[in-house]
Protein chains: 2
Amino acid sequence: MDDIDKKILMLLQRNAKQNTKEIAEKVGLTVSPTFERIKKLEQQGFIKGYVALLDGSKVGKSIVVYSQISLSVHSRELIDDFKTNIANLPEILGCHHVSGNYDFLLKVAVRDMNEYQQFVVDKLSVIKGISNVQSSFVMEEIKNDTAYIL
Amino acid sequence: MDDIDKKILMLLQRNAKQNTKEIAEKVGLTVSPTFERIKKLEQQGFIKGYVALLDGSKVGKSIVVYSQISLSVHSRELIDDFKTNIANLPEILGCHHVSGNYDFLLKVAVRDMNEYQQFVVDKLSVIKGISNVQSSFVMEEIKNDTAYIL
DNA sequence: CTTGAAAAATGTCCCGT
DNA sequence: ACGGGACATTTTTCAAG
């Protein structure tokens, strides 16, 4: 991983639709070595994949909520149970097990308040072991990058 | 936006490197209409862009922290000031203005604890108007999807 | 929408340095 | 590792049913 590799990763993180020729020019190499570097970065797992990013509100996901979850008991069984429950809910985009004043931080995206209410009542509150849920509605997204600065 | 468009978006959200032929087969159409649908979805802004997703720990971003920020005063000026300050910090991947018990939720990614400390001391605590910072370190990432379920 | 075709652009690989 | 060149595949556009 030299500086050229970093530059390639930076470029691909911003726009994965650039062709090898364009990237080659921007990093100051020809197509062949650039192509090989990209393949290597993929094989070595630096690049997890290539995805399309959608406009949430345009595809009917206008409401984003971050929910802080506290568990009543911190047993291995309860935590594992919670994780599998969470993994299968399509409304949940993110779930992180954190240290601090609460246990899990969820990122939830839904169409509207009605759908959010149904999510909380029918899907979230049903999960065993949750002692507290504290939700914060996103009013504005100042930043939401998938790109790391290398 | 019919069901076929949704299916196309679902496929591109998971893997943007599929070619038109593959997508066409999966949605049950031929290449031509599939190609036109994708172009239309791009032009209409449903697709914001195509990006490469990196492995955070492999590129030297092992520590992820979510920080809840409270402002001392909620004036327009202070909020705008905070937002511009935040936007320029490379450690910050996400920043959401939220309703609830705090004002902003940050997602911070850094190499190690030393870098995190420097970030807090030199960059975050310097910003005017912050009354409280409560940080949660990510111990495990259960889910981190960029894809909405349509 | 489907089929078919065709040109331009890219991706991919091999070889010489 | 890099660069050049050859070949395969894809993208992109188009016409006709």
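Residue numbering restarts at 1 for every chain, and letters A, B, ... go by the order of the sequence lines. Heavy atoms only: backbone and side chains are in, while hydrogens, waters and symmetry mates are out.
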J.: Does this structure show an ion pair linking E36(A) with K39(A), if we count only N-O contacts that are shorter than 4.0 Å?
T.: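 So E36(A) does not pair with K39(A) through a salt bridge.
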
J.: Can a salt bridge be assigned to the pair R76(A) and D80(A) using a cut-off of 4.0 Å between side-chain N and carboxylate O?
T.: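 Salt bridge between R76(A) and D80(A), a charged N being under 4.0 Å from a carboxylate O: yes.
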
J.: To the nearest Å, give me how far apart CD (E36(A)) and P (dG16(C)) are.
T.: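 One finds 15 Å between P of dG16(C) and CD of E36(A), rounded.
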
J.: Strictly under 3.5 Å: I want the nitrogen or oxygen pairs between protein and nucleotides 10-12 of chain C, one per line.
T.:
from	atom 1	to	atom 2	distance (Å)
dT10(C)	OP1	N19(A)	ND2	2.7
dT10(C)	O5'	N19(A)	ND2	3.0
dG11(C)	OP2	T20(A)	N	3.0
dG11(C)	OP2	T20(A)	OG1	3.0
dT12(C)	OP2	K39(A)	NZ	3.4

J.: When the distance from CG of L41(A) to C1' of dA1(D) is rounded to whole Å, what number comes out?
T.: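 Between C1' of dA1(D) and CG of L41(A): 14 Å.
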
J.: For K17(B) and dT9(D), give me the distance from atom NZ to atom P, rounded to whole Å.
T.: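 That distance rounds to 18 Å.
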
J.: Other residues, nucleotides and ligands only: do more than 12 of their heavy atoms fall within 6.0 Å of NZ on K128(B)?
T.: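 No, because the 6.0 Å sphere around NZ of K128(B) holds 12 heavy atoms or fewer from other groups.
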
J.: Should K48(B) and D55(A) count as an ion pair when the cut-off is N to O under 4.0 Å?
T.: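 Result for this pair is no, no salt bridge flagged.
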
J.: What is the distance from NZ of K40(A) to C1' of dC2(D), rounded to the nearest Å?
T.: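 Nearest whole value for this atom pair: 12 Å.
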
J.: What is the distance, rounded to the nearest whole Å, between atom CG of L29(A) and atom P of dT17(C)?
T.: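 One finds 21 Å between P of dT17(C) and CG of L29(A), rounded.
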
J.: In whole angstrom, give the distance that lies between atom CZ of R37(A) and atom C1' of dG3(D).
T.: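 Result: 13 Å.
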
J.: For the aromatic rings, using the six-membered ring if either is Trp, is the centroid distance between Y66(B) and F137(B) under 6.0 Å?
T.: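 They do not qualify: ring centres at least 6.0 Å apart.
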
J.: Is K17(A) positioned over the aromatic face of Y50(B), cation under 6.0 angstrom from the ring centre and no more than 45 degrees off axis?
T.: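 So K17(A) does make the cation-pi contact.
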
